[in-house]
Amino acid sequence: MRLPISWLKEHVDVPVEPRKLADDLTLAGLAVDAVEGRGDEAVLDLDITTNRVDCMNVRGVAREAAVIYGTTLRPLATELSETGAPATEALRVVIEAPELCPRFCARILDVRMGPSPAWLRERLESVGVRPISNVVDLTNYVMMEMGHPSHAFDLAKIPSRELRVRWARPGESVRTLDGVERRLEAGMGVIAGPDGALSLAGIMGGASSEVSDDTRTVALEAAYWDPPAIRRTARALGMHTEASHRFERGADPEAASAATARIAHLLVRIGAGSVRPGLIDVRPAPPVERSAILRPARLRALLGVDVPEARAAAILAGLGFGVGQAESEGRRVAIPSWRGDVAREADLIEEVGRHHGLDKIPSSLPPARRRGGLRRAQLAARQVRDVLVGAGLDEVVRTSFVPAGLEARPAVTVANPLADVEGELRTSLVDPGLLDTLKRNLNHGHRDVRIFEVGRVFLPSGAGVEERTHLGVLLSGAGRPRTWSEETRDVDFFDAKGLVELLAARLGWPISLGKGPVPAWIHPGKSTCLLASGEGIGHAGAVHPEAAARLELRGEVFVAELRVDALLEAKPAEARARPLPRHPGVSRDLSLVLDGAIAAEELVAWAHQGAGALLRSVRVSGRYVGVQIPEGKVGLLLTLHYQEPERTLTSDEVQASVEGAVRALRARGVEIRGE
Amino acid sequence: MKARLAALRAEFGEALARARDAAELQAVRDRFLGRKAGSVTQLMKTLGGLAADARREAGQALNEAKVEFEARLETARAAAEACARKERLARDRVDTSLPGRMPWQGRRHPLTTVREELEDIFVAMGYEVYDGPEVEDDYHCFEALNMPRDHPARDMQDTFYLAGTGGLLLRTHTSTSQIRYMLENPHPPEVRIICPGKCYRRDAPDLTHSPMFQQIEALVVGPGISLGDLKGTIEAFLHALFGEEHPVRFRPSYFPYTEPSVEVDLGCVACGGNGCRVCKGTGWLEIMGSGMVNPAVFEAVNARLGRVVYDPEQVTGFAFGLGIERVAILRHDVGDIRLFYGGDLRFLEQFR
């Protein structure tokens, strides 16, 4: 809101320069975003919070300034000399919907239409309002000055000289001042004549009763409208006007009469017409007197500072509150009609606090009565990040709104998406989020993309939404850092699997790899299902070549995605330290040649079966194909490890165990070399 | 015998002096001390022909010579080795200007780093960290926070609604967690939590807006919590985050769920308060909203609990909410909020 200093000074003395005023207003809660110009030419740009509709005008700001500087708000000139027949003879007003309109004021003005005087036009222009004609300009001027919107009807265009305030009828429409034909619905308020709606209540006047150069008599209307009704109607019609902006935030019901008086006063002053006697004031319900009790102890407790009672009372009185006598339960404070935002004691305390000065409140720290900390799952999520970052992966955070991915899955959709933002919520972190991230980075010339994300996915669940926390990983490009000294190699399945194993080991997650469904866009021969407690929680593997072709990916891409909410919550068993072995262990290597279709884990199992309980562990320590190995076969090096905690192993018992393993392997057709 | 030994010693001395490396020293050893053909060994073999006294004397002299030769050989060998090592060292060079072989290291997302730092600051002040859902309903997001339907403050938070869910929405702020926590913890009303998380508003993406963003909410409730406590807490954490040298300013504002409501400004971290592009010349950065919990919020929670747990006459509280991107933008001079969510490694790799 633009506020010329010269206009402000008509209402209150301001003993400081505009910049100081701007600071003082800001610290009292009326944020000044900018000061243009200097001295009395200056214009303040205020950003008034939505609750302070009373300050969205010159006089409201002047009232605040008067409290800040201890000066006086000058009374508003509204005195009138009325002439002609009583107003009530010219117009009848009926309120059929008192819940929509608790008060409706009108005056009848005989006008000489024409342009406004220069000072009035300039003033309107200085606050960004376009001058139209003297009558219209005066309604706008008074709205900017004291905040109450009003509307001028051409009395001659009001059929039967009767205005009825009511809810719109189904199928009714009205052509508003902007020339748009508005189709109305139940729940929209109108000011109507006997034949239909003339004006959209509290939002915009109608074209049929608009004042023009030919207008001789004006029915000037100023009313108070139910804020939710105005807000609903304005939103439904996609309208936002100076009037609706104020009424939906709650105007001052007592200002309606003053606004008409001020306009009439100014009309006479600029020589643009005269005023007929009497105010038409239709008010179905008496004004509501509102008040709240202010207790000094409560004020001190909430603000954390002692504000002298006299000071508190002076602040409130300056703002227009009626401060009662101090009594045992506190002071009763009457709330002025323009302060719809104030209802209870805390609101009064805020008024005192902001004018007393928040900077005068000493800072303190509340005593800690309990221990704080991160929860189990929060600590675990940090550890997941530590592990993956340590393994050379960059964390990304992608938006929850996604386009369609490789796999069609039921998804939660946004009912009112933004024009250029996808309206579907992600059900997976990898598809399409991390895959899209890969594409973008490949396009930027990144060769090695190693990324992960921890975040929520959203699954439809009946009429609701289930949120799950997932971990997604994507590896592409080199499998180890590129250096000047060594050849690199491409990332492969075992890099992805190794990351999952690393997480399982470091976090104590009971994850196993096993058979199970993987998405159709995952390579069937280079993938595995991830299981926890026998339940599928995700998958790891290569992107299917068909999908990779569709995405125009170069080289193989490996991904893993798993649901981690339960894993993060689970508390793994503490590590227990075992005594260190005091006797030497023994390792034996077996060089095997076997059918390429035999899984390494089967081989390990057979070795264990044959070797018996003495065998501690078996490790695959080498794998060869090529020249030395027949077609269709692979060479594997198995390392058998023996270790007894309480004694030294004899070579005979180790030999017997190794021979057992060899027999078991041979029985399955495995060839043992060099044995 | 004496004469022969003297000659031998002279011969040994010459040979030792000529030997230049370990191999030549070995040859000297073989020549004089070799078990079969060594000169000393040969002399030993001649002792048999001597008389007992002479044999003893000569034997002793030979043994002494042998020990002496061994010692001199050892000294020479050690010297030769030291010399060889020195020569090897002189040649043993790498080009230390070649790049080091760094292990692969990734990076946390800069917003994660900021969020965790904020969490740590508050945990050190005795706060719990509470996670709430991103999908919410109208009650938790607005109604219980004193924003009934048709409340104008809802305009400030244009909301994404989810189709076919009977009005579920994406939370527009982490303040929803205030309500969830109080409802889930209906015991002695002492609360000290922070709630970080993603929020969503229907703002078209541009340099300063992202339809998804992250906030961190704080809620402290207890007997006698005052606006002074709010000030002290906010000052403490902003100083921990940005440094003691930046002043903190509090000014009245408006949020439906706090009363009084307070906007917090931080002395501009870019210019030190002199006025610059970042602070639009004001010297201040609007950093967060805060306030004393509106009694209406406690009443809404009590109403849902069906009994008075958070009695506004007995307890007061404060709450505040901070944009995590805002902190990261100020700290790292990020010019476009969308970079945080674009997944561009050229951006992410700039952080530690």
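Reminder, nothing fancy here: chain letters follow the sequence lines and each chain counts from 1.
Most heavy-atom pairs under 4.5 Å with chain A: of the set Gly222(B), Ala163(B), Gly224(B), this distinction falls to Ala163(B). Counting heavy-atom pairs closer than 4.5 Å to chain A, the top-ranked of the candidates Pro211(B), Ser226(B), Gly281(B) is Ser226(B). Of all the listed residues (Met125(B), Glu349(B), Lys280(B), Glu263(B)), the one sharing the greatest number of non-hydrogen pairs under 4.5 Å with chain A is Glu349(B). Of the listed residues Arg482(A), Arg232(A), Glu486(A), the one with more heavy-atom pairs under 4.5 angstrom with chain B than any other is Arg232(A).
The contact between Ala301(A) and chain B is made entirely by backbone atoms, counting heavy-atom distances below 4.5 Å. When heavy atoms are compared at a cutoff of 4.5 Å, Leu425(A) approaches chain B solely by way of its side chain, counted from C-beta outward. For chain A, no part of Ala124(B) is nearby; none of its heavy atoms comes within less than 4.5 Å. Within the 4.5 angstrom heavy-atom criterion, atoms from both the backbone and the side chain of Leu162(B) approach chain A. For Glu235(B), the part sitting under 4.5 Å from any heavy atom of chain A is the side chain, from C-beta outward, and nothing else. Heavy-atom distances place no part of Arg149(B) under 4.5 Å from chain A, backbone and side chain included. In this structure, chain B has no heavy atom under 4.5 Å from any part of Asp341(A). Contacts between Arg108(B) and chain A at a heavy-atom distance below 4.5 Å involve backbone atoms as well as side-chain atoms. If you measure heavy-atom distances from Leu170(B) to chain A, the contacts under 4.5 Å come from the side chain alone. Contacts of Asn441(A) with chain B are made by side-chain atoms alone, with heavy-atom separations under 4.5 Å and no backbone atom involved. If you measure heavy-atom distances from Pro196(B) to chain A, you find no contacts under 4.5 Å at all. Heavy atoms closer than 4.5 Å to chain A are found nowhere in Asp265(B), neither backbone nor side chain. For Val414(A), the parts sitting under 4.5 Å from any heavy atom of chain B are the backbone and the side chain alike. With a 4.5 Å cut-off on non-hydrogen atoms, Phe318(B) touches chain A through its side chain but not through its backbone. When heavy atoms are compared at a cutoff of 4.5 Å, Leu348(B) approaches chain A solely by way of its side chain, counted from C-beta outward. Using a 4.5 Å cut-off between heavy atoms, Asp131(B) touches chain A through backbone and side chain atoms alike. Contact annotation for Ser253(B): both backbone and side-chain heavy atoms come within less than 4.5 Å of a heavy atom of chain A. Ser261(B) touches chain A through backbone and side chain together, each having a heavy atom under 4.5 Å away. When heavy atoms are compared at a cutoff of 4.5 Å, Arg52(A) does not approach chain B at all. With a threshold of 4.5 angstrom between heavy atoms, Phe250(B) approaches chain A through its backbone and through its side chain.
Ring planes of His109(B) and Tyr341(B): parallel class, angle under 30° (limits at 30 and 60°).
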- Message: If you apply the rule ring-ring contact (aromatic ring centres under 6.0 Å, His included), what do you find for Tyr200(B) with Phe213(B), and how did you get there?
- Response: CA-CA 6 Å; Tyr200(B) 304 83; Phe213(B) 58 98; 7.7 Å; no
